[in-house]
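The chain is numbered in sequence order, starting from 1. Heavy-atom basis, side chains included; hydrogens, waters and symmetry copies ignored. Ligands are counted one by one from 1 in listed order, and the atoms in each one are counted from 1 as well.
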Amino acid sequence: MMNLTVNIGVIGTGGMGGRHARNLTDAVAAANIVAIMDVDPVRAQQVADRCGGATLYTDADHLIADPDVDAVLVAAPDRFHAELTHACIEAGKPVLCEKPLAAREPEARKIIDAEVALGERLVQVGFMRQYDPAHMGAKQISDRGDNGRALVFRSVHMNPAKDEIRPIDDVITNSVIHDIHSARWIMGAEIESVYTSYIPFSPFQPKSARYVMIQLQFRNGALGGLECNAEAGYGYEVDVRITGETGVVQTNSLQSPIVRHNNVRSQWIEEDWLQRFEVAYINEAQAWVQSIIDGEATGPSAWDGYMSILVADACIRSAKRGQPVHVHAPEKPALYRNST
Ligand code: ISE
């Protein structure tokens, strides 16, 4: 049984890392930030000041090795997630790693192998939709069987416009990765094959993707459809819809009130994921801290992170080939028997 306070080191203090640091300071019980790392010392200092002070690092390995750090939150750029998570496992420290767990399947496989060799789960992956009340409610109703067997999963993921032309690999591994996890988690089934279609930002940038549609076939015979707009332009929306034998359950997850005024009915749409999933991020971090105190990892595991990347890699291959791609998944290690 750990102490009733978890001393946390945060790696990466950009938008996501800064929000996690704020949540751990203001909203998560039994959490105490003792160390912060960022290559930008000014930003790291600003976040440390916001969190009431912390030891500052510019080298992540030094933060991970700090004896005062019980657990690590990784919110560095995606390309560093796998090596940092692996370093935490080597140090025997619980880690909440933002998605994706890795940029590609082989890196994620190494993390699975390291946890299996250790014989203990230390990794939770930042699939925070699993802690979103709207998603949790939809899964609970679907699991309860109110609509009979779940036949079809659909997700719609509308991203605000960014001032960048995103390659399809990035859209899938950085954005659609959430939808892939939601599909596996809500349906409680593995994905057998994928078929990706997409619209590039322009005909002159054929490897870019502004709109991605992915058809899924699950191993249990269910179907899925993922839609991700990388350039919605009007705001940020994420919703899921599960069609069963006798009915449909779907989230209606705009959080703001509906306003009627001057013969107009309006509803403000969240600007980004930090606003839309504000509660989910707090719930996610609280569950992570509690799992550390309880000494038992919970939530999205390294296996969930691995399987999402395995499917994402298949989605990318399907986009490039223009044909369906089978997902060849290895046997799930016993360590993850309670995982999705
Ligand atoms: C971002 O990194 C997130 O994780 C958001 O949840 C997702 O909606 C967005 O597309 C990603 O870029």
Does Val123 offer a backbone N or O that forms a donor-acceptor pair with the side chain of Glu115 under 3.5 Å?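 Yes, because the side chain of Glu115 sits within donor-acceptor range (under 3.5 Å) of the backbone of Val123.
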Do the ring planes of Tyr281 and His20 sit parallel (below 30°), tilted (30 to 60°) or perpendicular (above 60°)?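 Ring orientation of Tyr281 relative to His20: perpendicular.
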Could you check whether the rings of Phe277 and His135 sit parallel, tilted or perpendicular, using 30° and 60° as the cut-offs?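 The rings of Phe277 and His135 sit tilted, inter-plane angle from 30° to 60°.
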Among all protein heavy atoms, pick the one closest to [atom] and tell me residue, atom and distance.
atom: atom 2 (O) of ligand 1; value: Lys99 NZ, 3.0 Å
atom: atom 4 (O) of ligand 1; value: His178 NE2, 2.9 Å
atom: atom 9 (C) of ligand 1; value: Asn159 OD1, 3.3 Å

So, does His157 sit close enough to ligand 1 that a heavy atom of it is under 4.0 Å from the ligand?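 In this structure, His157 qualifies as a contact of ligand 1 - some heavy atom is under 4.0 Å.
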Below 4.0 Å from ligand 1: does a non-hydrogen atom of Met128 turn up there or not?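 Judged by the 4.0 Å heavy-atom criterion, Met128 does count as contacting ligand 1.
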Judged on heavy-atom distance to atom 8 (O) of ligand 1, which of Tyr236, Trp273, Tyr281 sits nearest?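 The nearest heavy atom belongs to Tyr236.
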Report yes or no: do Trp185 and Val194 belong to one cluster of Ile/Leu/Val/Met/Phe/Trp/Tyr joined by side chain heavy-atom distances under 4.5 Å?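 Yes.
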So if I count the atoms of ligand 1 from 1 in the order they appear, which ones are less than 4.0 Å from some heavy atom of Ser175?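 Going through ligand 1 atom by atom, the ones under 4.0 Å from Ser175 are 9 (C), 10 (O), 11 (C), 12 (O).
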Taking 4.0 angstrom as the limit and counting only heavy atoms of Asn174, give me the atoms of ligand 1 inside it, by number and element.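 Selected atoms, number and element: 1 (C), 2 (O), 11 (C), 12 (O).
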